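Model, not experiment: these values are computed from the prediction.
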Amino acid sequence: MAFLMKSMLSNQVKNLGLGGGGEENKEESTPSDPATAAGMTREEYEEYQKQVVEEKMERDAAFAQKKAERACLRVHLREKYRLPKSELDENQIQMAGDDVGLPEDLQKMVAEDQVEEEDKDSILGQLQSIQNMDMDTIKEKAQATFTEMKQAAEQKCCVM
């Protein structure tokens, strides 16, 4: 009971402004300077802040470079498969600068794909694919095509 009376009276006295300045002392005891709050001198704190800003700028630059490389890869794939261009990718490449290119690993992969496609497009590539096919399958396809052409001709021509 005494505790309850003491807490009620002390709160009322603090509200009147007659006493209880303990809260003001607590606010004054906290350091307003961030350097002293971190336990450093002013010069150390400024140097630390410079390092933090430089590291952030380096990370941002590396991130922008990676984004531009990815955009370059997407542009390359869009050109390869004849898909519509994206302005977002072009903007990312321009923001990173002209020194953006595909990473070496991706360049090797692209070169291998181009060699494979060139092989498939050549006459030798077509001959190799024919050699891999079964002769029975080729005969069946030819007969089916001939039958379809014959039926189409019969439908169009009234003499046959």
Side-chain angles (χ1 to χ4, degrees), residues 7 11 23-160:
S7 65
N11 287 339
E23 293 178 11
E24 294 174 8
N25 291 338
K26 290 179 182 177
E27 291 177 5
E28 290 175 9
S29 65
T30 58
S32 60
D33 189 21
T36 55
M40 297 182 217
T41 64
R42 186 79 174 151
E43 294 79 25
E44 289 174 338
Y45 186 74
E46 288 175 1
E47 184 65 30
Y48 172 74
Q49 289 297 323
K50 286 180 186 178
Q51 288 177 350
V52 168
V53 169
E54 288 174 2
E55 289 174 0
K56 184 181 184 318
M57 289 174 58
E58 289 174 7
R59 285 193 311 269
D60 290 345
F63 181 69
Q65 181 71 22
K66 289 289 184 185
K67 282 177 68 174
E69 287 176 356
R70 291 183 195 117
C72 186
L73 177 64
R74 287 191 297 270
V75 166
H76 175 75
L77 290 174
R78 282 190 176 100
E79 288 175 0
K80 179 180 177 181
Y81 295 110
R82 297 179 186 99
L83 299 173
K85 294 182 180 181
S86 171
E87 290 184 24
L88 179 66
D89 290 339
E90 293 174 4
N91 291 339
Q92 287 178 348
I93 293 171
Q94 288 176 356
M95 285 175 29
D98 293 332
D99 59 339
V100 177
L102 291 176
E104 291 180 18
D105 299 339
L106 294 175
Q107 286 178 352
K108 290 177 184 177
M109 290 171 54
V110 168
E112 290 172 1
D113 288 345
Q114 286 178 347
V115 168
E116 288 177 8
E117 287 181 13
E118 288 173 0
D119 288 345
K120 288 180 183 177
D121 291 341
S122 69
I123 295 174
L124 293 176
Q126 295 296 329
L127 290 175
Q128 287 177 351
S129 65
I130 290 174
Q131 288 176 350
N132 294 337
M133 291 183 71
D134 187 22
M135 288 303 287
D136 294 331
T137 308
I138 295 173
K139 287 179 185 178
E140 289 174 9
K141 285 184 180 181
Q143 287 176 351
T145 305
F146 180 72
T147 307
E148 288 176 13
M149 289 174 46
K150 185 177 178 183
Q151 288 175 353
E154 289 176 356
Q155 290 175 354
K156 291 182 181 178
C157 184
C158 57
V159 175
M160 295 178 112

- prompt: Rounded to the nearest 0.5 Å, what separation is found between the CD atom of Glu90 and the CD atom of Gln92?
  reply: 11.0 Å
query: Can you tell which of Arg78, Gln94, Lys67, Arg70 makes a side chain to side chain contact (heavy atoms under 4.5 Å, CB included) with Asp89?
result: Arg78
message: The test is side-chain contact (heavy atoms from CB on, under 4.5 Å); show your working for Met57 and Glu54 and say whether it passes.
response: CA-CA 5 Å; Met57 289 174 58; Glu54 288 174 2; 5.6 Å; no
- prompt: Should we count CD of Gln51 as having more than 12 external heavy atoms under 6.0 Å?
  reply: yes
- line: dist Glu69:CD -> Ile93:CD1 (nearest 0.5 Å) comes out at 10.5 Å
query: Side-chain donor-acceptor pair under 3.5 Å between Glu44 and Tyr48, yes or no?
result: no
- prompt: Hey, are the side chains of Arg59 and Lys56 touching, using non-hydrogen atoms and a 4.5 Å cut-off?
  reply: yes
- prompt: Say you draw a straight line from NZ of Lys150 to CZ of Phe146; how long is it, rounded to the nearest 0.5 Å?
  reply: 6.0 Å
